Amino acid sequence: MRSYVKRALENMAANVFLTATTLFTIALSVLIAGAFFLFFENAARLAGDWNRGIRVMAYLDERFTPRDLAGVTRDLRSIEGVKDIRFVSKETALEQLQKDLESSGVTLSDLGENPLPHTLEILLSPSLDTLDAVEAFVESAGQRAHVKEVVYGHGWVAAFLPMVNTLKTGALVLGGLFVITALFVSANTVRLAFYAKQEEIEIMRLVGATEAFVNTPFYLEGIFQGFCGGSVGLVILFFLFQGIRGAIPPEASLVPLMDIQFLSFPMMALIVGAGIFLGWLGCFISLKSN
Amino acid sequence: MAALLDNTCHISVNSTYVNVEGRTEKFMERKRSIIQLFDVSKQYGAGYALKNITLSVKVGDLVFITGASGAGKSTLLNLLYLATPVTRGQIIVGGMNLARLSPEKIPYLRRRIGVIFQDFKLISHRSVFDNISLVLEAAGQPPAVIKKKVEEVLERTGMTEYMNALPPSLSGGQQQKVAVARAVVGDPDIILADEPTGSLDACSAEVITRYLMEYKEKGTTILIASHNTALINSTGFDVLYTLEAGQLAQPGENICAAMNPIMGNETRGRVS
Ligand SMILES: Nc1ncnc2c1ncn2[C@@H]1O[C@H](COP(=O)(O)OP(=O)(O)OP(=O)(O)O)[C@@H](O)[C@H]1O
Ligand SMILES: [Mg+2]
């Protein structure tokens with residue numbers, strides 16, 4: 001084993017240019033695929049946050065008293081897709097409204113009787129992820145006892161739900177393409193690097209080396225290059241990520257910047273693993289094809 | 001050719017490298033065959049590089065294969081270590097039927113055969129030492145043994161001072177010496193020498209042939225392929241084959257053989 005490692009190291013040292021080319025091709029592939037996953041992971045998480053935030057307001061009629069709350073809640077919960085229901089009494093709502101208005105300099109003193117209705121704030125489960133499903137829920141909820149009107153951010157949900165779904169499919173297709181391209185390019189580079197070694201392989205075989213003796217150092221080399229390439233790609237990606245995030249002024253950002261995170265640890269491990277796999281695959285293809 | 005014959009006879013009589021004196025015909029006959037070819041043909045595309053070759057080589061023999069360029073000398077040697085497969089016919093080497101040899105066994109066949117390749121086949125980015133030690137490493141020898149053996153063959157071929165050099169930095173003759181050293185380092189049963197002195201000056205050629213002849217003395221079977229008649233003079237032979245356009249020349253057809261029975265195929269080449 002030690003002599004295999006020695007031979008692998010010597011091989012790489014003897015052909016620094018090829019080693020570097022292979023390493024950077026793998027690094028670049030990993031960088032591109034990694035950038036994609038970085039985007040996707042963040043988008044998916046943010047989309048998940050927003051999804052959790054789809055809220056529907058059910059305004060209750062004048063005959064409703066807090067004693068009816070349990071019945072109404074039970075009734076609404078029987079509709080599929082309800083994750084949580086929170087009761088906001090008309091008094092709480094008014095307080096909240098006054099607070100909001102005060103902060104903007106308006107006082108609300110001579111309002112007389114509280115004009116606001118009691119409200120149920122309904123949190124939908126993320127499984128209601130199409131506009132049709134949300135509308136069906138609203139329709140059904142509107143017919144329940146004491147429910148006067150059910151409202152939701154029509155435009156917002158309408159625009160957002162299909163977008164999240166398209167984004168998900170699109171991202172997966174695009175990501176798949178990236179990964180396949182990276183795989184192909186890397187394996188091919190390793191294979192090209194191999195042609196330079198064909199003479200050596202041929203000679204080793206002619207003087208009585210077994211396949212294991214010939215192949216093991218090349219696999220070690222491929223795996224090592226894959227590991228280094230993967231790690232280098234990931235490090236570059238990290239610095240690019242830091243740079244880009246640092247360059248965005250917080251006020252210009254659509255989402256809180258702290259919510260944008262670098263790849264999760266399992267994802268990083270997966271990417272370095274993919275680099276190792278690329279190095280190995282290139283060797284495998286090359287050794288099989290001659 | 002006539003000059004060659006004179007030379008051959010003259011030198012072989014005086015040769016001290018090969019001495020089969022004292023061997024009785026009976027002893028010769030009892031020896032086992034280590035290489036046998038039965039009606040072997042090798043085609044490249046439509047053309048025959050070798051056609052209907054039948055011959056056998058006995059253990060410990062020195063076989064000289066001669067013939068013009070392109071006659072098929074290298075091809076014949078190449079078939080013996082499966083550098084290329086036969087098109088037709090059977091080859092048995094060291095008891096192994098090459099046509100039936102499974103791919104995993106090929107390395108073990110090759111370890112028993114030391115080849116001096118016509119084009120040397122040295123790995124250009126590995127040092128002289130590493131090129132030679134490769135044979136022993138591949139055979140799984142311990143490092144201490146490898147070092148000792150490699151140093152010995154380097155010494156004997158006069159290449160010790162170049163052991164850290166890369167082959168491309170060496171002259172053709174020096175590369176050939178490395179090729180010889182690599183062929184013998186594993187103490188093979190058979191040495192296949194394809195123009196083993198083709199790039200050497202007369203003096204080096206003599207040193208190298210003498211070295212090879214030591215292996216013959218130890219009982220190694222040696223096949224030398226060369227069109228260099230001067231080499232025949234210095235090595236002598238037990239058997240001489242002449243190839244003509246891929247076929248073994250019949251003694252009657254061979255101008256040399258016709259003029260001198262010593263040059264005929266399957267003829268003992270030493271007159272005691
Ligand atoms: N790999 C190959 N592909 C195609 N043809 C080949 C190949 N190797 C040899 N030949 C052909 O086979 C014939 C015999 O070649 P070979 O190399 O055995 O000759 P040789 O006797 O060794 O010649 P030389 O004295 O020049 O070394 C030649 O006609 C050559 O062109
Ligand atoms: Mg030849």
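Here is how names work: the chains are called A, B, and so on, in the same order as the sequence lines, proteins then strands, and each is numbered from 1. This structure is a prediction, so every number in the text was calculated from the model and none was measured.
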Residue selection (most heavy-atom pairs with chain A, distance under 4.5 Å) from B/E104, B/H125, B/R182: B/H125
Side chain, backbone, both or neither of B/L122 within contact of chain A (heavy atoms, under 4.5 Å): backbone
Top contributor to chain B contacts, counting heavy-atom pairs under 4.5 Å, from A/I203, A/V214, A/V207: A/I203
Short N-O contact, B/K121 and A/E199, less than 4.0 angstrom: no
Engaged part of B/E137 at the chain A interface, taking heavy atoms whose separation is under 4.5 Å: both
Pair B/N228-B/E195, side-chain donor/acceptor within less than 3.5 Å: no
Top contributor to chain A interface from B/A138, B/P143, B/S124 [non-hydrogen pairs under 4.5 Å]: B/A138
Contacting moiety of B/N131, where chain A heavy atoms sit under 4.5 Å: neither
Minimum heavy-atom distance A/L124-A/K83, with the two atoms named: C-CB, 3.9 Å
Residues A/E200 and B/R126 bridged, charged N to O under 4.0 Å: yes
Lys/Arg-Asp/Glu bridge criterion (N-O < 4.0 Å) met for B/K147, B/E151: yes
